[in-house]
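Structure first, then comments.
The sequence lines fix the lettering, A, B, ..., with proteins before strands; numbering per chain opens at 1.
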Protein chains: 2
Amino acid sequence: MTLYQDLSERLKEHIELGFYKPGDKLPSVRQLSHEHGVSISTVQEAYRQLEQEILVEARPKSGYFVMPKQRVDNLPNVSRPPQRPLEVSQWEEVFNLLMIGDNKKGVQLQHAMPDMTTPTLKPLLKTLADLSKQKPELGLGYGDLRGSEELRTQLCRLGVASGCQLHPDDLVVTSGCQEALSVCLRAVTDPGDIIAIESPSFYGSMQAIKAANLKAMEIPTHADTGISLEALELALDQWPIKAILVTPTCNNPLGYTMSDDKKERLYRLAQSYDIAIIEDDIYGDIAYQFPRPRSIKSFDEDGRVLLCSSFSKTVAPGIRVGWIAPGRYRDKVTHIKYVSSSMCPTLPQLAIAQFIRLGGYDKHIRTMRQRYEKQRDHMLSAIKRYLPSNTRVSFPDGGFILWVELDKDIDSMKLVEQCRKEGVGFAPGPLFSATGKYRHCFRINFSEQGMEQRESAIKILASVLLQFKSLS
Amino acid sequence: MTLYQDLSERLKEHIELGFYKPGDKLPSVRQLSHEHGVSISTVQEAYRQLEQEILVEARPKSGYFVMPKQRVDNLPNVSRPPQRPLEVSQWEEVFNLLMIGDNKKGVQLQHAMPDMTTPTLKPLLKTLADLSKQKPELGLGYGDLRGSEELRTQLCRLGVASGCQLHPDDLVVTSGCQEALSVCLRAVTDPGDIIAIESPSFYGSMQAIKAANLKAMEIPTHADTGISLEALELALDQWPIKAILVTPTCNNPLGYTMSDDKKERLYRLAQSYDIAIIEDDIYGDIAYQFPRPRSIKSFDEDGRVLLCSSFSKTVAPGIRVGWIAPGRYRDKVTHIKYVSSSMCPTLPQLAIAQFIRLGGYDKHIRTMRQRYEKQRDHMLSAIKRYLPSNTRVSFPDGGFILWVELDKDIDSMKLVEQCRKEGVGFAPGPLFSATGKYRHCFRINFSEQGMEQRESAIKILASVLLQFKSLS
Ligand SMILES: Cc1ncc(COP(=O)(O)O)c(C=O)c1O
Ligand SMILES: Cc1ncc(COP(=O)(O)O)c(C=O)c1O
């Protein structure tokens with residue numbers, strides 16, 4: 001390691017240890033040169049290195065500062081969706097997104113895929129391989145319709161962290177969270193019913209609403225505090241809404257976590273209108289805060305909350321293990337799960353159960369939580385540095401996706417198309433609306449470990465945006 | 001091997017080679033003693049052995065005969081379901097059946113489980129274990145929404161045997177045939193629509209009809225030739241039926257295969273009423289005849305047939321790999337498959353694709369086809385020997401299940417309950433009707449290899465039936 005690298009590593013360590021917090025002034029070049037007995041140019045080189053990693057910024061005539069965290073003042077605007085129930089459209093756009101293979105070259109940040117190259121997944125992969133070698137017969141028969149009891153027991157253990165007291169009999173294992181959401185929607189509604197949702201919302205739940213012959217009522221949503229309870233109450237007064245579907249913890253796409261207090265108020269609201277809540281908690285375990293935030297389910301007194309989740313974001317989507325804590329809807333949920341795809345394969349369930357039981361899951365989650373938080377800060381800094389100054393961007397409390405709001409005239413569908421040609425992929429905004437709003441927004445994934453890749457993606461995006469500007 | 005065992009083995013071989021056909025007279029005891037240079041009592045012992053295996057029968061004063069095949073004259077009666085569309089009930093009964101674990105002791109013949117102890121499955125299990133060891137990353141990411149292209153290519157190859165010319169793009173992989181059926185039902189209907197089905201019918205499809213808010217119109221069905229086209233046409237004239245769901249090849253539970261001619265006529269009928277056909281072909285590849293029967297899909301000219309299948313009966317249900325050839329409904333089917341459970345896991349798909357590609361699947365199917373046919377004959381003989389003479393029983397053309405019709409006053413729900421206490425399980429008739437008919441019928445599985453187990457199950461059933469008789 002050269003002298004300047006050595007120095008930049010030390011500074012980095014000091015920043016990570018919290019000696020210098022975001023926005024703090026760092027020691028002057030002269031001071032560091034003196035303290036470490038190195039030349040001025042070595043210190044300058046070290047700072048340049050940290051600037052490149054977007055950890056520090058130079059302010060003219062003031063010196064170097066720790067990169068300030070993304071500020072809340074340029075969050076995306078509160079959404080203003082149409083105030084009536086509507087059919088969900090956008091399937092063609094979603095389909096086009098889904099058909100982009102993961103093996104495509106370039107920097108593909110359109111899918112909400114976790115980092116799966118981390119060594120903390122190794123124990124799980126080993127268990128999977130061992131099980132399918134040593135107990136192949138477990139992969140052959142039908143298993144328990146509700147899922148393996150071993151897994152359901154471990155899921156109860158995980159539930160404790162979000163404030164839930166569950167019993168294995170309270171759970172139904174599914175093929176991912178997508179099946180969980182579809183099953184729950186069908187369990188609590190009749191065709192033609194209305195579902196209230198956040199806006200923007202995950203496209204998979206909206207498409208499930210469409211397929212179940214339901215209508216979506218998009219509710220205005222704040223990028224920092226979540227769904228507007230005032231607007232929701234107004235909607236509940238005006239329309240015969242059958243259930244509320246929310247992702248209150250590390251929301252997709254906005255990243256916010258609703259406060260405990262607001263979660264409880266949402267629950268009380270559902271109670272007073274006697275409707276069900278479908279709570280999508282898929283990102284809950286990779287909230288950056290520890291212990292993780294409570295779920296709405298943890299406030300549930302009368303079984304009206306159906307909690308849906310899976311290991312697709314915390315571990316890997318290909319495992320296809322999800323679950324439902326269906327509360328009072330258990331029998332209906334079991335019926336619809338059975339007709340939907342019958343039992344789930346046993347081996348992945350057992351492997352995950354063991355991963356949790358032996359502590360591998362907790363360790364993995366701890367690692368990812370910290371890593372994603374750093375990667376968020378880096379990505380936010382890159383956006384701040386390279387994208388136009390009127391860009392608005394979310395400040396996620398967990399997970400690995402950002403929601404970016406551009407100038408009103410920018411068409412993100414066209415932007416995505418152009419960027420794709422240049423090898424960069426992200427998800428255009430209209431997919432996250434029932435009716436194709438958010439044309440000037442997009443969602444971008446930052447789970448990718450490579451700092452250079454992330455940065456180069458943003459640079460390409462910036463250059464394409466510049467072309468757009470000069471055209472208009 | 002003792003002398004008599006040696007002799008009985010030779011006789012068995014001669015029967016299997018077809019030297020002696022079902023119903024043929026076998027050589028006299030004296031003649032065999034002379035030919036083989038063994039004692040009279042050795043020959044008698046050998047014949048007793050074959051009697052016990054229900055391969056031959058002794059007729060008083062006439063000698064020994066090869067056990068005649070089950071005759072068509074005591075097939076179950078043509079069904080006479082109510083002639084109007086009805087809501088499907090029976091979920092509780094189906095649920096109770098599903099909750100019986102496979103690890104229960106005794107002889108559990110209630111689930112339509114294939115024999116999974118056969119060595120012909122070894123290559124598949126090895127591939128699965130190797131893949132999850134050598135390419136664990138394949139198990140992590142989302143795969144192609146339509147299923148792995150390798151598998152879809154091999155499925156096209158299999159399709160040729162049933163007369164279909166398919167392209168990989170014509171297929172959508174699913175989590176078993178249950179998901180395939182559910183997705184197809186939802187793709188071709190709107191809530192409230194009517195679906196015509198065979199009667200009796202597989203409970204899983206009927207429960208899917210219920211969950212999709214559809215009504216079932218049960219059509220009279222012959223135990224040898226399948227759904228009555230006359231009755232179907234009458235129903236089509238009277239009711240706005242949206243689609244026909246049939247299992248025309250090795251039907252569950254009746255075992256028949258509709259003739260090619262009748263399959264084509266069914267297709268033409270659907271064409272003239274412009275409705276869709278959902279064809280469940282799950283048992284098609286283990287028809288006893290070789291080459292296997294054609295599918296209705298093979299007659300499809302305009303894409304109105306949605307073929308559904310899986311490897312659950314031919315290979316193992318725990319693999320959870322099924323597929324749809326959705327014809328003109330491809331886009332709708334892809335949408336509903338996506339919301340239903342998103343992508344299917346990749347590893348099992350690749351393992352099956354390789355199993356097919358390297359010839360393991362064909363070899364396995366050949367073995368199972370022959371074994372199941374023998375086991376059918378044995379099971380039919382046992383039923384003929386031990387159950388009351390007015391018992392009617394199906395004569396399946398493939399697969400490993402029998403449908404048994406008892407005396408009208410027998411309540412199979414009670415019979416099942418009593419037999420369960422004595423360690424024998426089978427599936428009561430009402431599950432196979434939308435409205436709980438067929439109370440005096442049951443379905444029994446004969447995939448179990450052990451001849452003794454099968455026979456002892458039938459003996460216990462017979463003794464419980466006897467108790468029932470003496471009570472009434
Ligand atoms: C909020 C949310 N819910 C559900 C899902 C679907 O998850 P799974 O892959 O487990 O079906 C996703 C995945 O993108 C998601 O982001
Ligand atoms: C006729 C029929 N269709 C569909 C199924 C469901 O198959 P899978 O286990 O592949 O979902 C079965 C299984 O019992 C069946 O017998």
Evaluate whether atom [atom1] of [X] has more than 12 neighbouring non-hydrogen atoms of other residues, nucleotides or ligands under 6.0 angstrom away.
X	atom1	answer
A:Gln453	CD	yes
B:Lys242	NZ	yes
B:Lys210	NZ	yes
A:Glu93	CD	yes

What residues form a side-chain contact (heavy atoms from CB on, under 4.5 Å) with A:Ser341, not counting sequence neighbours?
A:Ser175, A:Glu179, A:Lys337, B:Ser175, B:Glu179
Polar side-chain atom of B:Arg320 near backbone of A:Cys344 as donor-acceptor pair, under 3.5 Å
no
B:Val183 versus chain A, the contacting section by heavy-atom distance below 4.5 Å:
neither
Quick check for you: to the nearest 0.5 Å, what is the distance between [X] atom [atom1] and [Y] atom [atom2]?
X	Y	atom1	atom2	answer
A:Leu125	B:Lys135	CG	NZ	15.0 Å
A:Leu140	B:Leu121	CG	CG	6.5 Å
B:Tyr142	A:His111	OH	NE2	9.0 Å

Where does [X] contact chain B at under 4.5 Å (heavy atoms): side chain, backbone, both or neither?
X	answer
A:Ser312	side chain
A:Leu128	backbone
A:Ser342	both
A:Val315	neither

Scan B:Asp144, B:Thr334, B:Leu145 and name whichever one has a side chain to side chain contact (heavy atoms under 4.5 Å, CB included) with A:Leu98.
B:Leu145
Parallel under 30°, tilted from 30 to 60°, perpendicular over 60°: which one fits the rings of A:Trp91 and B:His335?
perpendicular
Evaluate the criterion side-chain contact (heavy atoms from CB on, under 4.5 Å) for residue pair A:Asp331 and B:Phe95; output intermediate values, then yes/no.
CA-CA 10 Å; A:Asp331 293 347; B:Phe95 179 75; over 6 Å; no
Mind running side-chain contact (heavy atoms from CB on, under 4.5 Å) on B:Arg186 and A:Arg186 for me, showing each step along the way?
CA-CA 12 Å; B:Arg186 295 172 69 191; A:Arg186 294 172 69 190; 3.2 Å; yes
Among A:Glu137, A:Gln134, A:Arg146, which residue has the highest count of heavy-atom pairs closer than 4.5 Å to chain B?
A:Arg146
Please rank A:Pro114, A:Pro136, A:Ala211 by heavy-atom pairs under 4.5 Å with chain B and give me the top one.
A:Ala211
Counting heavy-atom pairs under 4.5 Å with chain A, which one of B:Leu347, B:Leu124, B:Thr346, B:Val339 comes out on top?
B:Val339
Run the side-chain contact (heavy atoms from CB on, under 4.5 Å) check on A:Ser340 and B:Ser182 step by step: do they pass?
CA-CA 6 Å; A:Ser340 167; B:Ser182 272; 5.5 Å; no
